[in-house]
Peer 1: 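Pasting in a structure now, in structure tokens, and then I'll have a few things to ask.
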Amino acid sequence: MSRYEPSQTEPKWQEAWDKAGAFTARRDPARPKYYVLEMFPYPSGRIHMGHVRNYTMGDVVARQKAAAGYSVLHPMGWDAFGMPAENAAMERGGHPKDWTYGNIADMRAQMRPLGLSIDWSREFATCDPEYYGQQQAMFIDMLEAGLVYRKNAVVNWDPVDMTVLANEQVIDGKGWRSGAAVERRELTQWFFKISDYSEDLLNALDTLTDWPEKVRLMQANWIGKSRGLQFAFETVGAPTGFEKLEVYTTRPDTLMGASFAAISADHPLAKALEHDPAVAAFVTECRKGGTSAEEIETAEKIGYDTGIRVKHPLDPSWELPVWIANFILMDYGTGAIFGCPAHDQRDFDFATKYGLPIKAVFVAEGERDAPLAEAFVPMKSERVTYVRGFAGSETQTGEEAIAAAISHAETNGYGKGVTKFRLRDWGISRQRYWGCPIPVVHCPACGVVPESKANLPVTLPDDVTFDVPGNPLDRHPTWRDCTCPKCGAKARRETDTMDTFVDSSWYYARFTAPRATTPTVAEDADYWMNVDQYIGGIEHAILHLLYSRFFARAMQKTGHLPQKAVEPFNALFTQGMVTHEIYLTRDGNGRPVYHLPEDVIRTDAGATLKDGTAVEIIPSAKMSKSKKNVVDPMNIIAQFGADTARWFVMSDSPPERDVEWTASGAEAAFKHLSRVWRIADEVAKSDTPANAAEDTALARATAKAVDEVTKGIEDFAFNKAIAKLYEFTNTVQRSQAGAGAKRDALRVMAQLMQPMTPHLAEEVWAMLGGTGLVTQAPWPKADPALLVEDSVTLPIQINGKRRAEITVPKDMPATEVEKIALADEAVVKFLAGQPVKKIIVVPGRIINVVV
RNA sequence: GCCCGCGUGGUGGAAUGGUAGACACAGGGGACUUAAAAUCCCUAGGCCGGAAGGCCGUGCCGGUUCGAGUCCGGCCGCGGGCACCA
């Protein structure tokens, strides 16, 4: 007897699909289109299980939609610019370009055997000049449309390597290579004006009903619209030009609890005071460390009393000290605040540290004014009693008090209500080689001039070295030299390249016309946009998705996308990670030594190395090379075939949650697929005669499977769809139906399994005489008549606890059901004559008797 | 520090506010086999009980409800993001 042998059959079917051109996307006005996209990978060189899971999910959707009659676009490309290629060049020599394209070739070769229904003819990498040249063209259009500008911004500066560091290269405030203490330094940088769209990006979140609620919430919080009061303190003892100090607060109702004013170390007033060595020393202290919000906000809060005073706007005789504080951000509001320690924990800690007064403005309803042990910060919607209020009722909600305070300020002319956003403009300048060159020229006469479109793409020079830190473009002998596109004089190229988020902000649009000599083509963008289903990691919930939403708007403004595509992703799904246990032993110094799962023998009791050494097991975490808790998909494919890998990553865990890779789970997946193959093999050879009752029962089970599996796939509940397929397999195997009925059932099973395990599905389909390729067969429909159940089993609860159950006709009226329930033997026994207070009958669901 | 999630048997998980534990893994028992593998069948949250059945049970504490894994408030633990990782 032959066996399920994926290594033989999988390549055969992949060839058959290629030959049939099954996955080539075609603009077909006669059919509805469906665009499914998974976030494209960074070409690290090896695919991992996370990729397998991500692309299998997309593939299930793409294959199911194709079967359901849609014209499907399912492309793949490479997010190919970025730091790892430069790091590799620094560590191992070679060129980022060779490294990157080599990795792409390797990864493509690893992805092909997965049998994904991808239109590979549309593949591109963002480091292709054909791609980034079009990006440069759009940059120029956006510059002309006023969406791009230059300003100063702070970067992480490594004073030893004399180079700019990424946040991840700053470890504990030190440069990762040099170990030098990192400083914050200002540079002139290029920015996209995403803030022009703050309001729109926020409001439009409401239209994204097929996005996860949590992603919309995270984006809304990131954009951070706030209504607050802006007003100017009158200063006492400040340098000329600083007679006023503008502050912004979202809690103007706490004005009477103010105990100090604080400004950012980067505030103009702080700069004006820097001639004082003590101030200069303090400001320098504040600029130590990296630029990340995490680092700034978790740093110890320190302050410096400038000696300057400000007059309280409600009582000019009341003066507050002005401090410089390291936790005030220049980027938000006006870079200056007033501190109200009683109602802000950060201010409370600061006031406690420096002995500043702490006075409550409001107290919980019914409480009295008393010294506070920590800041009192109730929700704004909660009613509180104002003991130091100045506007509105004595007892009101925070929201009411804020509104009253703003109108008080406006009426009395000391401030005005303003709306601010937390969202900052998008800094895209990177002082690095392996990125899209910013296509502008610095001319001594004309200033900053966009490169002429005729000269695009501005390509990266190949003759560069990475033996010295810093940007090779900056020290390239000839690349920087050019002529001004405006006046023809000698000029210099911009040496900054673009943030790689720019590359990934429009690749979805490029896939609609990947070879075009313009960024997009109207007819193609019109037909294929929007992405109907986008799939990727939750780690991209904010930045990538927000930048893409902005870029689509900017592309629309500059004529590269239709109006309907300003929200480019109709539906979003964020999948979980693939995790694995971590195995480690200790070296002579007690330092951990990690081991690959394939080098470890796992038993119920624990784990050992092959030589018997005991191994510590750490609970599952995201697969990572450094912890060696990785399973190479290539090994799994070699051992079990692609379908087993696909089936396993889709089963068990819900797709939005993490899935733990276990060897036993993979084996179980393989066993199940082997079982399906075996059943098909047996049924194909069987001549069991028809049996009316059994055949009908199997047809009903088949209809139910079609209904439930289809629902599972459509709802992104792949694990449930797979559970139903397990059930269906059990039913078919145990069924006493005739061979003809079983063949019908198994052909449908092949169709239902096709999105998940396409190779096995083709095999089963062919064995049972299916016509053509199952990949191209129309999706099965469940006969509604076979789905109808005529009776229903209802649990009976007494006081909320299940005590009995009854089976009644499906549409029996509630009053009738009630009678039967109360007459039930077990119910009577339980009630023991107690009077029934209330009886709740939820049709088709439950009966609850309250006594 | 701030924003957002998640927490259910030995394990992965299922459950429109309505029978908690579907489906699967690991386990236990059995069939087949000279034996093993493979396969097939049965069993399976915990405690008590011979059984019928009962009590307890969805991280912890409290609340809303006829009814809470699900909704609300507070806590604990784990994870994601924090604007130059992609």
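So you know, we letter chains A, B, ... as the sequences are listed, proteins then strands, and number each from 1.
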Peer 1: Need to verify one output field. Residue with the more 5' nearest nucleotide on RNA chain B, A/Lys671 or A/Lys301?
Peer 2: A/Lys301
Peer 1: Any chance CD of A/Gln834 has more than 12 other-residue heavy atoms, nucleotides or ligands included, within less than 6.0 Å?
Peer 2: yes
Peer 1: More 5' along RNA chain B: A/Arg734 or A/Ser651, using each one's nearest nucleotide?
Peer 2: A/Ser651
Peer 1: Find every protein N or O atom lying less than 3.5 Å from an N or O atom of nucleotides 14-17 of chain B, and list the pairs.
Peer 2:
residue : atom : partner  : partner atom : Å
B/A14   : OP1  : A/Asn719 : ND2          : 3.0
B/A15   : OP1  : A/Lys720 : NZ           : 2.3
B/U16   : O4   : A/Arg845 : NE           : 3.3

Peer 1: Regarding A/Ala541, tell me which of base, sugar-phosphate or nothing describes its non-hydrogen contacts under 4.0 Å with the strands shown.
Peer 2: nothing
Peer 1: Wobble G-U and Watson-Crick pairs count when both distances are under 3.5 Å; given that, what is the 5' to 3' dot-bracket string of RNA chain B, with | for pairing to other strands?
Peer 2: (((((((..(((.....[....))).(((((.......))))).((((....))))..(((((..]....))))))))))))....
Peer 1: Can you tell me if A/Glu91 has over 12 outside heavy atoms packed within less than 6.0 Å of its CD?
Peer 2: yes
Peer 1: Which part of the nucleic acid does A/Asn799 contact within heavy-atom distance under 4.0 Å: base, sugar-phosphate only, or nothing?
Peer 2: nothing
Peer 1: Rounded to whole angstroms, how far apart are CZ on A/Arg675 and C1' on B/C25?
Peer 2: 14 Å
Peer 1: Between A/Lys214 (NZ) and B/C6 (P), how many Å, whole number?
Peer 2: 7 Å
Peer 1: Is the closest basic N to carboxylate O distance between A/Asp499 and A/Arg430 below 4.0 Å?
Peer 2: yes
Peer 1: At under 4.0 Å between heavy atoms, how does the protein contact nucleotides 81-86 of chain B? Give one character per nucleotide, 5' to 3', with B, S or -.
Peer 2: SBBBSB
Peer 1: Run the ring pair (Phe, Tyr, Trp, His ring centres under 6.0 Å) test against A/Tyr55 and tell me which residues pass, sequence neighbours left out.
Peer 2: A/His51
Peer 1: Looking only at atom types and distance, does a side-chain atom of A/Glu183 sit under 3.5 Å from a main-chain N or O of A/Arg185, one as donor and one as acceptor?
Peer 2: no
Peer 1: Rounded to whole angstrom units, what separation is found between the CD1 atom of A/Ile846 and the P atom of B/G18?
Peer 2: 9 Å
Peer 1: With syn defined as a glycosidic torsion within 90 degrees of 0 and anti otherwise, which applies to B/G9?
Peer 2: syn
Peer 1: OP1, OP2 of B/U19 versus side-chain N and O of A/Asn848: anything below 4.0 Å?
Peer 2: no
Peer 1: If you measure from the Lys or Arg side-chain nitrogens to the Asp or Glu carboxylate oxygens, is any gap between A/Arg216 and A/Glu213 under 4.0 Å?
Peer 2: yes
Peer 1: I want to verify a distance call: between B/C66, B/C55, B/C23, whose nearest atom is closest to the A/Arg803 side chain?
Peer 2: B/C55
Peer 1: Are there more than 12 heavy atoms of other residues, nucleotides or ligands under 6.0 Å from atom NZ of A/Lys420?
Peer 2: yes
Peer 1: Rounded to whole Å, how long is the line connecting atom CD1 of A/Ile722 with atom P of B/C25?
Peer 2: 13 Å
Peer 1: Verify the neighbour count for atom NZ of A/Lys353: are there more than 12 heavy atoms of other residues, nucleotides or ligands below 6.0 Å?
Peer 2: yes
Peer 1: Please enumerate all residues that pass salt bridge (charged side-chain N to carboxylate O under 4.0 Å, His left out) together with A/Arg184, with sequence neighbours excluded.
Peer 2: none
Peer 1: Atom NZ of A/Lys724 to atom P of B/G13: distance rounded to whole Å?
Peer 2: 18 Å
Peer 1: Please tabulate, one pair per line, each protein N/O and nucleotide N/O from nucleotides 68-71 of chain B that are separated by under 3.5 Å, including the distance.
Peer 2:
none

Peer 1: Does a sphere of radius 6.0 Å around CG in A/Asp172 hold more than 12 heavy atoms from other residues, nucleotides or ligands, not counting ones at 6.0 Å or beyond?
Peer 2: no
Peer 1: For A/Phe830 and B/G53, what is the distance between atoms CZ and P respectively, to the nearest whole Å?
Peer 2: 11 Å
Peer 1: Determine, for A/Asp266 against A/Arg287, whether the closest basic-nitrogen to carboxylate-oxygen distance falls under 4.0 angstrom.
Peer 2: yes
Peer 1: Under 4.0 Å, heavy atoms only, any strand: does A/Tyr332 hit a base, just the sugar-phosphate, or nothing?
Peer 2: nothing
Peer 1: Ring centres of A/Phe716 and A/Phe718 under 6.0 Å apart?
Peer 2: yes
Peer 1: What do you reckon, are the aromatic ring centroids of A/Tyr131 and A/Tyr507 less than 6.0 Å apart?
Peer 2: no
Peer 1: Report yes if the side chains of A/Gln189 and A/Val155 come closer than 4.5 Å at any heavy-atom pair, otherwise no.
Peer 2: yes
